[in-house]
Amino acid sequence: MNYFTLSNGVKIPGVGLGTFKAENGDECYEAVLAALKAGYRHIDTAMGYGNEESVGRAIKDSGIPREEIFITTKLFPGKPGYNSAKTNLEKALKRLGTNYVDLYLMHWPSNNYSVNLHTWKAFEELYEEGKARAIGVSNFKIHHLEHLLPSVKIKPMINQVELHPFLTQKPLQNFLEKNGILLESYGPFAKGMVFENECLAELAKKYNKSIANIVVRYGIQRNVVMIPKSVTIDRIIKNFDVFDFELSSEDVECIDKLNLGRRLYTDPDNAPFVPMEEIEE
Ligand SMILES: NC(=O)c1ccc[n+]([C@@H]2O[C@H](COP(=O)([O-])OP(=O)(O)OC[C@H]3O[C@@H](n4cnc5c(N)ncnc54)[C@H](OP(=O)(O)O)[C@@H]3O)[C@@H](O)[C@H]2O)c1
């Protein structure tokens, strides 16, 4: 297992389990439990996924000490605001059965920059209160950060965005590195497109690994946190088998060249513009 270090010194496991669309109840519970048994120590959930309760239950039943597991949750995308960020984290902590999360993310930016800053103030306070060991954002483009960073007391420690071989996010990564912010990928399998790609299939053959392994390893070697999702036990186990090989720098460059700048999930520029008056206080 490899760990990355956030700007505040907190260590984050480089590979975690994604849980978007893992249904609350048996599906999510069994997936998280299997992941923890397989060696994962990092689970990515969100209020919007509706499965925090199952994540929390699986963590508890795993018998692994809480402090060995890195839990991320995210504020509901449609509920920005200072009070919302605070009250919703309290509710999430209850569902997760813990008194802190390791990472609390603002799931989506608003295209009203003032709303992002207003919400971020609560994130800073939650961090200072120890309710979140680290705080960050998700789906933020450079322009969202350029407007946020000059006004914050505490910089986000992570930005979680769509990133895969067809959307390599190099300009964003350069910007983040200059600001001490770690990049985290979602959607690593590009909605299945990676499994159809010949170059990735050849690399899988060359390294005697699966295409999923090549994609996850590619991220790790670029200093990107990877959170592949699966609810299929066999895949959960195999997707994690990425710590006993290294892609050559030529092969990493080869994957870089697959970049099409192709977004398969919602473009953050289409996030709503929320007027300040509409924020629930
Ligand atoms: N911040 C955000 O806005 C945001 C947005 C999207 C996702 N995320 C996070 O990022 C995580 C990953 O993204 P994602 O879930 O959208 O996509 P993903 O991890 O790229 O792909 C998940 C899909 O790939 C399948 N899969 C997994 N391993 C496979 C393998 N070895 N071979 C073939 N198929 C495989 C899964 O099927 P089965 O489950 O049926 O095995 C599932 O359908 C999410 O779960 C979530 O935690 C965050």
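For ligands, and for the atoms within them, numbers begin at 1 and follow the listed sequence. In this chain, numbering begins with 1 at the start of the sequence shown.
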Closest non-hydrogen protein atom to atom 44 (C) of ligand 1, residue and atom name please, with distance? Phe20 CB, 3.4 Å
Considering only protein heavy atoms, which is closest to atom 3 (O) of ligand 1, and at what distance to one decimal place? Asn139 ND2, 2.8 Å
Ile59, Leu93: one ILVMFWY side-chain cluster at the under-4.5 Å cut-off? yes
Just going by heavy-atom distances, which of Pro188, Ser138, Pro268 is nearest to atom 18 (P) of ligand 1? Pro188
Side-chain donor-acceptor contact under 3.5 Å, Thr168 with Asp256: no
Of the side chain and backbone of Val161, name the one, both, or neither that has a heavy atom under 4.0 Å from an atom of ligand 1. neither
Cation-pi between Lys191 and Tyr265: NZ/CZ under 6.0 Å from ring centre and within 45° of the ring axis? yes
Where's the contact between Ser230 and ligand 1, heavy-atom distance under 4.0 Å: side chain, backbone, both or neither? both
Transitive ILVMFWY side-chain link Leu247 to Val216, under 4.5 Å: yes
Using a strict cut-off of 4.0 Å, indicate which atoms of ligand 1 neighbour a heavy atom of Asp44. 9 (C), 46 (C), 47 (O)
Per-residue contact class, Thr19 against ligand 1 - non-hydrogen pairs under 4.0 Å: backbone
Does Lys209 pair with Asp244 as a salt bridge, N-O distance under 4.0 Å? yes
Can you confirm, on distance only, whether ligand 1 has an N/O atom lying under 3.5 Å from any N/O atom belonging to Phe195? no
How far apart are the C-alpha atoms of Ile255 and Asp251, what are their side-chain angles, what is the distance that settles it, and do they pass the side chain to side chain contact (heavy atoms under 4.5 Å, CB included) test? CA-CA 6 Å; Ile255 302 176; Asp251 289 336; 5.7 Å; no
Given Tyr265, Trp108, Tyr186, which one has a non-hydrogen atom that is nearest to atom 16 (O) of ligand 1? Tyr265
With atoms numbered from 1 as shown, which atoms in ligand 1 lie under 4.0 angstrom from a non-hydrogen atom of Pro228? 19 (O)
With heavy atoms of Ile227 as the reference, note each atom of ligand 1 found under 4.0 Å away. 9 (C), 10 (O), 11 (C), 12 (C)
Regarding Asn111 and His144, is there a side-chain donor-to-acceptor distance under 3.5 Å anywhere? yes
Check whether Thr19 reaches the backbone of Asp44 with its side chain - one donor and one acceptor, N or O, closer than 3.5 Å. yes
Exactly one of Phe189, Tyr49, Tyr186 should register a ring pair (Phe, Tyr, Trp, His ring centres under 6.0 Å) with Phe20. Which one does? Tyr49
shortest atom 24 (O) of ligand 1-to-protein heavy-atom contact is with Phe189 CD1, 3.7 Å
Are any of the side-chain nitrogens in Lys86 or Glu129 under 4.0 Å away from the carboxylate oxygens of its partner? yes
Return the option from Arg235, Glu184, Lys191 holding the heavy atom at the smallest distance from atom 35 (C) of ligand 1. Arg235
Distance from atom 28 (N) of ligand 1 to nearest protein heavy atom, with residue and atom: Asn239 ND2, 3.0 Å
Check if Ser210 has a non-hydrogen atom at a distance under 4.0 Å from any atom of ligand 1. no
Of the listed options His164, Met106, Lys229, Gln160, closest to atom 19 (O) of ligand 1 (non-hydrogen atoms): Lys229
Of all protein heavy atoms, the one nearest atom 46 (C) of ligand 1 is Tyr49 OH, 3.3 Å
Quick one: does Lys74 get an N or O within less than 3.5 Å of an N or O on ligand 1? no
Enumerated ligand 1 atoms positioned under 4.0 Å from heavy atoms of Thr232: 38 (P), 40 (O), 41 (O)
With nothing but distance in play, are any N or O atoms of Gly187 less than 3.5 Å from an N or O of ligand 1? yes
I want to know if ligand 1 touches His107 in the polar sense, i.e. an N/O pair below 3.5 angstrom. yes
Ala212 versus ligand 1: do any nitrogen or oxygen atoms come within less than 3.5 Å of each other? no
Taking 4.0 angstrom as the limit, do Lys153 and Glu128 come out as a salt bridge? yes
With a cut-off of under 6.0 Å to the ring centre and 45° to the axis, is Arg217 in cation-pi contact with Phe243? no
Report yes or no: is the cationic atom of Arg57 (NZ for Lys, CZ for Arg) closer than 6.0 Å to the six-membered ring centre of Tyr29, at no more than 45° off its axis? yes
